[in-house]
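Written out below as structure tokens is the structure these notes cover.
Each chain gets a letter, A, B and so on, in the order its sequence line appears, and its residues count up from 1. Side chains included, hydrogens not; waters and symmetry mates left out as well; all remaining heavy atoms used.
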There are 2 protein chains.
Amino acid sequence: MSQRAVVSATLVDVAKAAGVSLATASRVLSGSPRKVREDLRESVVRAAHELNYTANAQAQAMARGRTDVVGLIVHDIADPYFSSIAAGVMRSAEENQLIVTMSSTMRRPEREVQYLSALRGQRARAVVLAGSRVTDRGLVERLSAELEKFQAIGGRVALISQPRLQVDTVVLENRAGARSLATALHERGYRRFAVLAGPRNLVTARDRLAGFREGLTRAGAPLAPAHVIHGDFTRDGGYSAAEELLAARAEIDCVFAVNDVMAVGAMVALRDHGVRLPTEVGVAGFDDIATLRDVTPALTTVRVPLERLGATAVDLVLDEQQADRPRVRRVRGEVVLRDSTPPRRAG
Amino acid sequence: MSQRAVVSATLVDVAKAAGVSLATASRVLSGSPRKVREDLRESVVRAAHELNYTANAQAQAMARGRTDVVGLIVHDIADPYFSSIAAGVMRSAEENQLIVTMSSTMRRPEREVQYLSALRGQRARAVVLAGSRVTDRGLVERLSAELEKFQAIGGRVALISQPRLQVDTVVLENRAGARSLATALHERGYRRFAVLAGPRNLVTARDRLAGFREGLTRAGAPLAPAHVIHGDFTRDGGYSAAEELLAARAEIDCVFAVNDVMAVGAMVALRDHGVRLPTEVGVAGFDDIATLRDVTPALTTVRVPLERLGATAVDLVLDEQQADRPRVRRVRGEVVLRDSTPPRRAG
DNA sequence: CTGTTAGCGCCTTCAG
DNA sequence: CTGAAGGCGCTAACAG
């Protein structure tokens with residue numbers, strides 16, 4: 001007879017069971033500032049407990065006119081760079097009682113626009129867009145338009161990347177970091193560099209290349225154009241780029257891959273082709289990915305506080321101070337010299 | 001005068017602008033099966049577009065009585081094991097037009113219960129719980145109770161771990177995998193093993209240890225109890241456990257760490273203490289984490305199709321066939337022998 | 001301090 | 001095929 005209920009108890013049920021009005025029940029259960037007589041409060045709590053009552057967050061959101069959802073959009077959650085950022089976002093979100101809904105674009109920028117639109121449908125309170133911007137003008141415009149719509153209905157936005165759009169941004173100083181790295185490597189005695197530069201259309205990759213080049217030029221050892229190889233921002237991209245370098249028989253003593261994942265791919269490629277590391281060629285990366293710290297030789301890189309990037313972005317969207325123009329939080333990386341680039345004797 | 005609107009257009013606005021009734025507007029915009037005359041449909045679509053209308057998903061969910069949210073709960077999203085599973089969950093979720101909300105327990109099992117309760121508040125359609133179950137009886141009971149409440153209101157649940165609770169589960173055959181690994185290593189000539197066994201209360205860790213022990217026993221080279229070291233399921237846990245092993249001056253020729261992350265930590269510890277790898281000691285792990293494939297020497301391990309685990313879990317919760325008892329999908333790992341455990345000469 | 005009531009935005013019978 | 005109206009579960013004025 002009594003079929004298993006597939007609906008949960010509602011506030012009306014609780015109120016009825018407790019013998020109070022809907023309003024009173026709501027007041028005790030939804031943390032309203034208004035006081036309720038102790039005995040009533042108790043019976044409401046008890047009734048709620050007995051009925052396994054849990055407020056319907058959707059209904060609350062509708063009645064209140066706002067949600068506690070923050071959307072996170074990343075390029076690829078399986079990439080340690082993004083999973084670390086996600087960890088930071090989730091940590092800060094939890095501290096602020098927010099729910100995180102996540103989506104992964106699989107490195108297809110158009111997806112950002114789609115997901116953003118979906119988040120608008122969710123009436124998400126805020127969205128964090130992590131990952132490099134691209135250079136494609138059309139895409140940037142479509143994203144901008146969608147961001148404006150999102151903001152038009154009161155949503156907050158933070159980017160983790162480059163300050164290229166009219167929204168709050170956590171800026172990772174890729175250029176300065178790469179410049180410092182170049183200087184440090186030059187000081188260690190390296191002179192003939194190659195750069196595995198990643199995709200041409202990713203601003204992050206471009207900035208790192210540009211910064212590295214600047215550093216070398218200042219140090220008086222300018223980068224040869226032929227020693228810049230583009231490719232995917234992945235392990236395999238690094239592997240292929242390094243092979244290309246070898247095929248070109250470039251005369252070099254140090255390879256800078258614009259991220260750690262690529263650097264590791266490059267190391268493997270070099271070794272596979274009989275290059276001894278780090279004696280014949282030094283290798284450096286960027287990011288200081290935790291799981292990659294234990295490769296041999298230990299990878300020289302630029303440490304990026306990834307979790308902090310994520311947490312900072314959430315803090316930014318939660319700080320409601322409506323500035324007249326986009327705010328920017330700059331985060332610097334720190335050069336970490338390890339065994340993959342030992343000091344090199346002159347000559 | 002005209003302050004920037006902070007509310008979005010509603011269906012009423014669209015209907016009004018299109019000169020039709022609310023019902024008609026709803027029918028064209030929400031993919032209702034009912035037909036609407038072509039000219040009306042067009043003007044509704046146009047009005048919606050002009051007003052930047054996007055249906056309020058919360059309101060839709062309330063009216064329909066169900067959501068498109070699937071919750072994912074992991075131990076630690078920054079751990080590549082979980083980020084890969086997450087990638088699989090998100091892929092399958094997207095294919096099914098579902099939204100993923102994610103939370104990370106930071107390896108504190110009580111959090112699973114809390115998050116599950118929050119997801120019940122969200123009226124999530126389903127939840128995927130990834131990560132090893134624990135042995136603590138009280139925790140298991142509290143989780144079970146919360147799972148039942150979740151299911152009582154129609155929510156679907158899938159676990160990725162061990163079939164210990166009365167819900168659908170994607171089971172990773174840790175025991176069988178570890179057993180095969182033991183056999184394979186024995187065949188390569190290893191005889192004196194140590195196991196870095198992870199936390200005592202994690203079922204995954206226990207199963208891997210048990211399987212490995214079984215394999216060795218069958219092969220006639222039983223594991224010495226003193227050669228089992230427990231510790232954290234992390235890189236540093238592996239490092240410490242290996243140091244402990246060294247301090248005990250155990251006579252061994254092969255170390256099995258119950259996951260790759262620990263194995264890498266162990267490799268570093270062994271090297272730091274002057275042990276030559278893999279000549280003096282072989283090292284093996286479990287999981288085949290992608291970013292860890294390039295350590296030197298290349299790590300022998302048991303490959304686990306992590307993304308598929310995640311995707312399978314989503315498929316399971318979406319397949320509404322209400323079986324009378326929990327369904328189980330078994331997934332096997334595959335031994336991958338690499339350079340960290342080269343064939344060993346007898347003697 | 002408590003109760004009544006009007007929405008929040010949308011879907012979906014039910015008439016027309 | 002279209003429109004009117006009730007209701008999803010909850011919050012927040014507004015009275016009492």
Side-chain angles (χ1 to χ4, degrees), chain A residues 5-45 47-48 51-69 120-125 153-154, chain B residues 5-45 47-48 51-69 120-125 153-154:
Chain A
V6 169
V7 276
S8 49
T10 77
L11 193 54
V12 180
D13 302 328
V14 175
K16 216 170 280 174
V20 300
S21 76
L22 217 190
T24 301
S26 170
R27 293 200 261 263
V28 355
L29 258 19
S30 68
S32 149
R34 299 182 50 172
K35 298 267 174 207
V36 171
R37 214 172 63 215
E38 194 49 34
D39 56 328
L40 292 187
R41 139 168 266 105
E42 269 178 29
S43 59
V44 168
V45 170
L51 294 173
N52 272 337
Y53 174 77
T54 300
N56 182 325
Q58 318 261 354
Q60 284 184 314
M62 261 193 64
R64 288 203 253 250
R66 64 189 182 74
T67 65
D68 296 317
V69 172
R120 184 155 59 100
Q122 293 293 314
R123 299 297 185 269
R125 188 195 295 190
I153 64 173
Chain B
V6 169
V7 276
S8 49
T10 78
L11 194 54
V12 181
D13 302 327
V14 175
K16 216 170 281 174
V20 300
S21 76
L22 215 177
T24 301
S26 170
R27 292 198 262 260
V28 357
L29 258 19
S30 69
S32 152
R34 298 183 49 172
K35 299 267 176 204
V36 172
R37 214 174 60 216
E38 195 48 33
D39 57 328
L40 292 186
R41 137 169 267 103
E42 268 178 29
S43 60
V44 167
V45 169
L51 294 173
N52 272 336
Y53 174 76
T54 300
N56 183 324
Q58 318 261 352
Q60 284 184 315
M62 259 191 66
R64 289 203 251 249
R66 64 188 184 74
T67 66
D68 296 317
V69 172
R120 185 156 56 100
Q122 293 294 313
R123 299 296 185 271
R125 190 195 295 188
I153 64 172

Given atom [atom1] of [X] and atom [atom2] of [N], what is their separation to the nearest angstrom?
| X | N | atom1 | atom2 | value |
| --- | --- | --- | --- | --- |
| B/M62 | C/dT12 | CE | P | 13 Å |
| A/R27 | D/dA13 | CZ | C1' | 10 Å |
| A/Q58 | D/dG7 | CD | C1' | 16 Å |
| A/R34 | D/dA15 | CZ | C1' | 11 Å |

Could you work out which one of C/dG9, D/dG3, D/dC10 sits closest to the side chain of B/V20?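 Nucleotide nearest to B/V20's side chain: D/dG3.
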Measuring from the side chain of B/L11 (C-beta onward, heavy atoms only), which nucleotide among D/dG3, C/dT2, C/dC10 has the closest atom?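 The closest nucleotide is C/dC10.
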Applying the side chain to side chain contact (heavy atoms under 4.5 Å, CB included) criterion to A/V20, which one of A/L40, A/V14, A/V28 satisfies it?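 Single side chain to side chain contact (heavy atoms under 4.5 Å, CB included) partner of A/V20 among A/L40, A/V14, A/V28: A/L40.
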Give a yes/no answer on whether the side chain of [X] brings an N or O atom under 4.0 Å of OP1 or OP2 in [N].
| X | N | value |
| --- | --- | --- |
| B/S26 | C/dC11 | yes |
| B/S21 | D/dA4 | no |
| B/Q60 | C/dC10 | no |

Does B/A55 reach a base, just sugar-phosphate, or nothing at all? Heavy atoms under 4.0 Å.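 Contact class for B/A55: sugar-phosphate only.
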Would you say B/S26 and B/L11 make side-chain contact, with heavy atoms under 4.5 Å?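 Yes, close enough: below the 4.5 Å cut-off.
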Has the side chain of A/Q58 got a donor or acceptor atom that lies under 3.5 Å from a matching backbone atom of B/Q122?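 Such a contact is found between A/Q58 side chain and B/Q122 backbone.
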Do you know which two heavy atoms are closest between B/R123 and B/T67, and how far apart they sit?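 Looks like O-OG1, 2.8 Å.
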Can you work out whether B/E38 or A/Y53 has the more 5'-proximal nearest nucleotide on DNA chain D?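 Looking at DNA chain D, the more 5' nearest nucleotide goes with B/E38.
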